[in-house]
Structure formats: structure tokens, C-alpha cells
Amino acid sequence: PLCYTAIVYDRRIKNYELTFGVSGKLHANSLIMYDHQTDSLWSHLVGAAVSGPMKGEKLKPIQSMFTHWNTWKKLHPDSKVLTSGRGGFLTSARDPYESYYRSSDTGIIPTRHSDKRIYPKEYVLGLILNDKAKAFPFSVLSRRSVINDEFAGVPLLIVFDEETTTGVIFTRKLHGKTLSFKRTQLEREKGMFLVDAESGSVWQALTGRAVEGPLKGKNLEALPITPSFWFGWVDHYPNTQLFKLQR
């Protein structure tokens with residue numbers, strides 16, 4: 001909650017299938033996990049072991065989506081739901097960090113890197129490609145919901161649903177061909193859709209799945225992203241690029 005991040009990792013590494021717990025420690029306002037197999041400590045935000053026998057190893061991030069439950073349910077109606085096992089959903093529980101989210105406080109540990117290009121608690125989508133970092137601020141994405149970008153030699157499609165503040169990033173190269181996208185609308189269909197200029201196919205924006213046209217049934221590759229407060233992201237990736245609209 002201090003950096004407001006939600007990340008999914010593959011917990012298999014080398015010959016281990018690791019299980020994790022909360023160490024109670026923090027590093028740069030980031031949760032520190034420990035694994036039960038080696039007692040190594042891991043940064044949740046970068047997925048790397050910071051001490052112990054596994055030091056230097058990194059977990060592989062898995063693509064995920066930070067969104068409203070209703071949005072997810074519409075996109076994936078057959079999903080299984082993880083519960084606490086304590087008798088149903090905690091739907092009425094109050095988030096104890098609500099006042100922190102609204103404040104200007106940046107965690108409980110002084111930040112190591114101060115970057116004032118945007119507000120410290122601006123929400124961003126963080127992306128790591130080829131060991132390089134880039135952040136896409138929500139304030140920019142809310143003004144342009146479909147962005148054709150390129151970063152670290154990879155053509156990217158960034159999609160932002162402003163109604164649910166849901167952001168996703170795809171590679172826009174399919175079978176060796178780079179596609180370019182813009183927003184469109186399907187008759188009698190709710191939701192966000194895109195059309196590519198090269199084939200005229202129509203795509204479901206948040207899943208990257210073609211639903212009409214020559215490429216129907218094809219899927220864009222979704223990339224793992226890290227939603228985070230700007231101060232948390234830049235404290236872990238001080239050399240990050242920051243996306244901004246070209247004038």
C-alpha cells in the first residue's frame with residue numbers, strides 16, 4: 001500500500017518452487033518478502049532477492065491487470081476468485097490507508113531519489129523492457145487513451161480505459177508485422193474497441209483480442225506492468241524514462 005503496487009510473479013526459479021511470506025521489513029517503502037525454502041529476502045516491487053542464498057536472482061513477472069472487479073468479470077466471466085478463507089469477501093472492510101492515499105506523504109522512509117517531473121503520488125504504469133524502465137502517467141493516459149509508442153526497440157500499444165482507470169500495454173507486432181491502432185466503436189456493443197490501420201480488424205481494447213476482420217481470433221502479446229505511485233517507481237528505477245505527449 002505504501003507504493004500502491006500490485007504485481008504477479010512466477011515463483012519458480014532455478015530448481016526451486018518457492019513459497020513466500022511477509023518479512024515485516026521495508027526497503028525504499030517497498031514490501032520485503034522472504035521465501036520459506038532459503039530464507040532469502042526479496043523486494044516485491046522489483047522481484048529481486050536482496051539478501052540470502054538467492055541474492056541477485058529475479059522472479060519472472062506475469063502479465064496482470066489492476067482494475068475493478070466488474071470490469072474483470074465482464075472480460076473474463078469464468079474466472080476463479082481468490083478468497084481469504086475466512087468466510088467470504090471482505091467487501092465492507094475499510095482500507096486503513098485511505099487517508100494516506102489522499103495525503104502528500106510519500107511512504108514512511110525518506111525517498112532516495114527525488115524526481116519532480118510529475119507529482120510524487122501521480123499514478124503510473126511502469127514497464128521494464130530489455131533492462132530499461134519507462135513510466136506512463138495516468139494524467140497523460142486520461143487525455144489520450146490509445147498510444148502507439150516504441151521503447152527499447154519494441155513497438156508498443158498502450159490502452160487506457162478512463163471510465164475504470166484501467167491501463168494495459170501490448171506489443172503491437174504480430175507475426176512480424178507492426179500494427180498501428182486507433183479507437184473505434186462496435187454497433188450495439190459496450191466497452192472499448194480498437195481498429196488497426198493495416199488490416200482493418202477490430203480489437204477488444206483491454207484484452208488485445210481481435211473480434212472482427214481478417215485477424216479475428218488473433219491476440220496481441222500483453223506485457224507485465226507495475227502500477228505504482230511515481231515516487232515508489234522512480235525510487236527503484238531512477239533512470240526511468242517518462243512518457244509525455246508530443247506537442
Side-chain angles (χ1 to χ4, degrees), residues 6-12 47 58-82 124-138 140-227 241 243 245-246:
I7 313 170
V8 180
Y9 293 106
D10 185 337
R11 54 189 176 86
R12 296 169 297 178
K58 292 198 72 172
L59 299 171
K60 180 183 178 181
I62 297 174
Q63 190 272 336
S64 59
M65 181 185 293
F66 192 65
T67 188
H68 297 204
W69 166 238
N70 282 341
T71 301
W72 179 267
K73 188 167 57 174
K74 289 175 183 176
L75 296 173
H76 306 283
D78 297 325
S79 292
K80 293 183 177 180
V81 180
L82 178 67
V124 302
L125 292 182
L127 176 68
I128 301 294
L129 272 181
N130 300 328
D131 296 322
K132 296 181 180 179
K134 190 167 186 175
F136 298 84
F138 274 33
V140 174
L141 299 179
S142 63
R143 286 181 282 150
R144 183 175 296 177
S145 58
V146 180
I147 296 171
N148 296 280
D149 192 28
E150 185 167 329
F151 175 58
V154 180
L156 302 176
L157 167 65
I158 300 92
V159 178
F160 186 75
D161 181 3
E162 57 271 21
E163 184 176 341
T164 62
T165 59
T166 303
V168 287
I169 300 179
F170 303 96
T171 59
R172 53 189 178 91
K173 181 171 281 190
L174 188 68
H175 302 314
K177 188 172 185 179
T178 300
L179 305 176
S180 53
F181 294 85
K182 65 179 181 180
R183 195 162 180 170
T184 189
Q185 188 60 50
L186 287 181
E187 291 186 16
R188 299 181 298 279
E189 288 285 347
K190 292 183 179 181
M192 188 176 177
F193 295 90
L194 312 175
V195 60
D196 73 80
E198 288 70 25
S199 76
S201 300
V202 177
W203 305 73
Q204 190 176 42
L206 293 181
T207 64
R209 183 185 306 115
V211 294
E212 284 189 5
L215 297 178
K216 183 178 179 179
K218 301 295 184 182
N219 291 276
L220 299 174
E221 179 188 357
L223 298 176
I225 53 178
T226 300
Q241 292 187 30
F243 178 81
L245 294 175
Q246 301 297 321

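We're numbering straight along the sequence, starting at 1. Predicted model, so just to flag it, every value in this text is computed and none were measured.
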_Residues forming a ring-ring contact (aromatic ring centres under 6.0 Å, His included) with H76, sequence neighbours excluded_ = W72
*Look up atom CZ in R11 and atom CD1 in I62, then write down how far apart they are to the nearest 0.5 Å.*
10.0 Å
*Is any side-chain heavy atom of T67 less than 4.5 Å from a side-chain heavy atom of L75?*
no
*Taking all heavy atoms of P137 and all of V124, pick out the closest pair and write down the distance.*
CA-CG1, 3.8 Å
*Can you measure from CD1 (I169) to CD1 (I158) and round to the nearest 0.5 angstrom?*
5.5 Å
*Quick check: does any side chain N or O of D149 sit under 3.5 Å from a backbone N or O of L156, one acting as donor and the other as acceptor?*
no
*Looking only at heavy atoms, which two atoms of P155 and T178 are closest? And how far apart?*
CB-CG2, 3.8 Å
_Residue pair A152 / L129: nearest heavy atoms and the distance that separates them_ = CB-O, 3.7 Å
*Could you tell me the separation between the CD1 atom of I147 and the CG atom of L245, rounded to the nearest 0.5 Å?*
6.0 Å
*Apply side chain to side chain contact (heavy atoms under 4.5 Å, CB included) to the pair V159 and F181, showing each step before the final yes or no.*
CA-CA 10 Å; V159 178; F181 294 85; over 6 Å; no
*Is there side-chain contact between I225 and F136, with heavy atoms separated by less than 4.5 Å?*
no
*Who are the salt bridge (Lys or Arg N to Asp or Glu O under 4.0 Å) partners of E221, not counting sequence neighbours?*
none
*What's the spacing between R172 CZ and L220 CG if we round to 0.5 Å?*
10.5 Å
*Which pair of non-hydrogen atoms, one from A6 and one from P227, has the smallest distance, and what is that distance?*
O-CD, 3.5 Å
*Would you call R183-E162 a salt bridge at under 4.0 Å N-O?*
yes
*Got a second to check how far T171's OG1 is from L179's CG, nearest 0.5 Å?*
9.5 Å
_Going by ring pair (Phe, Tyr, Trp, His ring centres under 6.0 Å), name the pairs with one or both residues in residues 144-170, residues two or more places apart or in two chains._
F138-F160
_Closest contact, heavy atoms only, M192 versus V146_ = CE-CG2, 3.9 Å
_What I'd like to find out is whether the side chain of K216 reaches to under 4.5 Å of the side chain of S201, using heavy atoms alone._
no
*asked:* Nearest 0.5 angstrom please: L194 CG to Q185 CD, how far?
replied: 10.5 Å
_Side-chain touch E212/V195, heavy atoms, less than 4.5 angstrom_ = no
*Where do L174 and D196 land on the side chain to side chain contact (heavy atoms under 4.5 Å, CB included) test, with the steps shown first?*
CA-CA 11 Å; L174 188 68; D196 73 80; over 6 Å; no
*asked:* Looking at Q63, I'd like to know if its CD atom is crowded, meaning that more than 12 non-hydrogen atoms belonging to other residues, nucleotides or ligands lie closer than 6.0 Å.
replied: yes
*Please name the pair of heavy atoms, one in A210 and one in L215, separated by the smallest distance, quoted to 0.1 Å.*
CB-O, 3.0 Å
